[in-house]
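Positions are given from 1 along the sequence. All values reported here derive from a predicted model rather than from experimental measurement.
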Amino acid sequence: MPLQPISDLPVATIGFRASGKVTADDYAKVLDPAIREAVEREEPVNLVYVLGEDFDGYSLGAMAKDLELVKVPRDAWGRIALVTDHRMLGEAVHLFGFLIPARVRVFPLAEESDALAWVQ
């Protein structure tokens with residue numbers, strides 16, 4: 001599966017590593033249930049999302065599912081750390097970050113531990 005949970009994170013923090021091509025099925029089976037469960041705890045949801053060197057992009061279905069994240073209540077989000085060396089994705093987050101209802105920060109892959117510390 002291209003989307004793998006990151007283990008050993010604090011209760012209010014969820015994390016994922018993406019590799020290969022992420023699809024709508026990955027969202028439905030991995031990301032969406034984890035976000036729903038985190039929101040139900042009624043604590044700000046902190047998210048670490050690592051797009052490694054072997055990440056190959058999103059399917060159209062995954063992009064559509066990404067847009068559905070706006071259904072998550074705005075006050076449910078805490079911090080989001082995107083960890084990637086994919087320059088275009090980092091720039092997109094900087095450009096459209098104001099649309100994301102959380103504090104968002106982009107980290108290079110070499111600073112993954114800093115990203116994990118920042119979201120906690």
Worksheet item: Between Glu112 and Arg17, is there a side-chain N and carboxylate O pair less than 4.0 Å apart?
Response: yes
Discussion item. Do the side chains of Arg41 and Glu37 get close enough for a salt bridge, i.e. N-O under 4.0 angstrom?
Written reply: yes
Main-chain N/O of [Y] paired to [X] side chain as donor or acceptor, under 3.5 Å:
{"X": "Asp54", "Y": "Ser19", "result": "no"}
{"X": "Arg79", "Y": "Val104", "result": "no"}
{"X": "His86", "Y": "Gly52", "result": "yes"}

Worksheet item: By salt bridge (charged side-chain N to carboxylate O under 4.0 Å, His left out), which residues pair with Asp32, not counting sequence neighbours?
Response: Lys65
Worksheet entry | All salt bridge (charged side-chain N to carboxylate O under 4.0 Å, His left out) counterparts of Glu43, not counting sequence neighbours | none
Transitively linked via ILVMFWY side-chain contacts under 4.5 Å: [X] with [Y]?
{"X": "Met63", "Y": "Tyr49", "value": "yes"}
{"X": "Leu47", "Y": "Ile6", "value": "no"}
{"X": "Ile80", "Y": "Val48", "value": "no"}

Practice prompt. Could you give me the CA-CA distance, side-chain angles and deciding distance for Ile35 and Trp77, then say whether side-chain contact (heavy atoms from CB on, under 4.5 Å) is met?
Written response: CA-CA 10 Å; Ile35 290 175; Trp77 293 106; 4.0 Å; yes
Could you report the tightest heavy-atom contact between [X] and [Y], atom names first, then the distance?
{"X": "Leu3", "Y": "Ala18", "result": "CD1-CB, 4.0 Å"}
{"X": "Ala62", "Y": "Thr23", "result": "CB-C, 3.6 Å"}
{"X": "Val119", "Y": "Ala81", "result": "CG1-CB, 3.5 Å"}
{"X": "Ala76", "Y": "Val72", "result": "CB-CG1, 4.0 Å"}
{"X": "Ile14", "Y": "Ala38", "result": "CG2-CB, 4.3 Å"}
{"X": "Thr84", "Y": "Leu51", "result": "OG1-O, 3.4 Å"}

Worksheet entry | Qualifying ring-ring contact (aromatic ring centres under 6.0 Å, His included) pairs with a residue from residues 13-48, counting only residues at least two apart or across chains | none
Discussion item. Using side-chain heavy atoms (C-beta onward) and a distance below 4.5 Å, is Val83 in contact with Glu111?
Written reply: no
Worksheet item: Sequence neighbours excluded, which residues qualify as side-chain contact (heavy atoms from CB on, under 4.5 Å) partners of Pro44?
Response: none
Fill in: Contacts of type side-chain contact (heavy atoms from CB on, under 4.5 Å), residue Gln120, not counting sequence neighbours
Leu9, Pro10, Thr13, Leu116
Discussion item. To the nearest 0.5 Å, what is the distance between CH2 on Trp118 and CZ on Arg103?
Written reply: 5.5 Å
Response to the item:
The ring-ring contact (aromatic ring centres under 6.0 Å, His included) partners of Tyr58 (sequence neighbours excluded) come to Phe55
